[in-house]
Amino acid sequence: MKSEPSVFSIDDLKAYKVTCWDGVRNYQARNFMRDAMKIGDGVLFYHSSTQPSGIAGLAEVVKESYPDYTAFDPKDIHYDPKSDPSKPTWYMVDVKFVKASKSIIALDRLKAIPALKNMVLFKYGRLSVQPVTPEEWKIILSLPEWD
DNA sequence: GCCAACGTTGGC
DNA sequence: GCCAACGTTGGC
């Protein structure tokens, strides 16, 4: 899951402990949250649009998808009049803080690991919620930044 | 701030 | 259903 740290960072998640992942307004990203993310699933927390961009921590899914109510609020920046409360367009999940990495695992670094070459992160860079394979997860969790 | 790579919108 | 125009994301 990607977030601009100036908007919501791994430190914010640490402070909040649990947060709803609201504001996703992309169908593919929504589908992953709505259809694929289950309680207990691990989440790589990625800082985007920053220097350097990269993985900043770990989170875990604690609540499966439910309607993103920020879409119903005209005063919310993520308001979407097309989302009908009786048939919501947008969904979100809740995630909890697990840990921060000791340092950012930069995108360059991830790209340099041959076994990660097929990561969705590299192919669909703009997708804000995307799947990670068990193999990719294992490799990333074995990096020294988690010690 | 620029630009590539999308995704979305709307005219036809 | 096509496609041009426009908007957004995110790396650099």
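Note on naming: letters A, B, ... go to the chains in the order of the sequence lines (proteins, then strands), and numbering restarts at 1 for each one. Remember, predicted model here, so these are calculated numbers, not experimental data.
Between A/Lys2 atom NZ and B/dA5 atom P there is a gap of 15 Å when expressed in whole angstrom units. The CD-P distance, from A/Gln51 to B/dG1, rounds to 17 Å in whole Å.
A donor atom on one side chain and an acceptor atom on the other are not found under 3.5 Å apart for A/Arg25 and A/Ser83. Of the N and O atoms on the side chains of A/Asp76 and A/Tyr69, not one donor lies less than 3.5 Å from an acceptor on the other residue. Side-chain contact of A/Ser86 with A/Asp84: a donor-acceptor pair under 3.5 Å is present, judged by distance alone.
Side-chain N/O atoms of A/Lys123 include none lying less than 4.0 angstrom from OP1 or OP2 on B/dA4.
Test A/Trp90, A/Phe32, A/Phe45, A/Tyr91 against A/Trp21 for ring-ring contact (aromatic ring centres under 6.0 Å, His included) and you get one pass: A/Phe45.
Within 4.0 Å (heavy atoms only), A/Tyr46 reaches sugar-phosphate atoms of the nucleic acid but no base atom. Using a 4.0 Å heavy-atom cutoff across all strands shown, A/Ser49 reaches at least one base atom of the nucleic acid.
Remark: A/Tyr124 pairs with A/Val120, A/Leu127 by the side-chain contact (heavy atoms from CB on, under 4.5 Å) rule, at least two apart or across chains.
Listed for the A/Lys2 side chain is a donor-acceptor partner under 3.5 Å among the backbone atoms of A/Gly125.
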Where do N or O atoms of nucleotides 7-10 of chain B meet protein N or O atoms at under 3.5 Å, pair by pair?
unit_1 : atom_1 : unit_2  : atom_2 : d
B/dG7  : OP1    : A/Gln28 : OE1    : 3.3

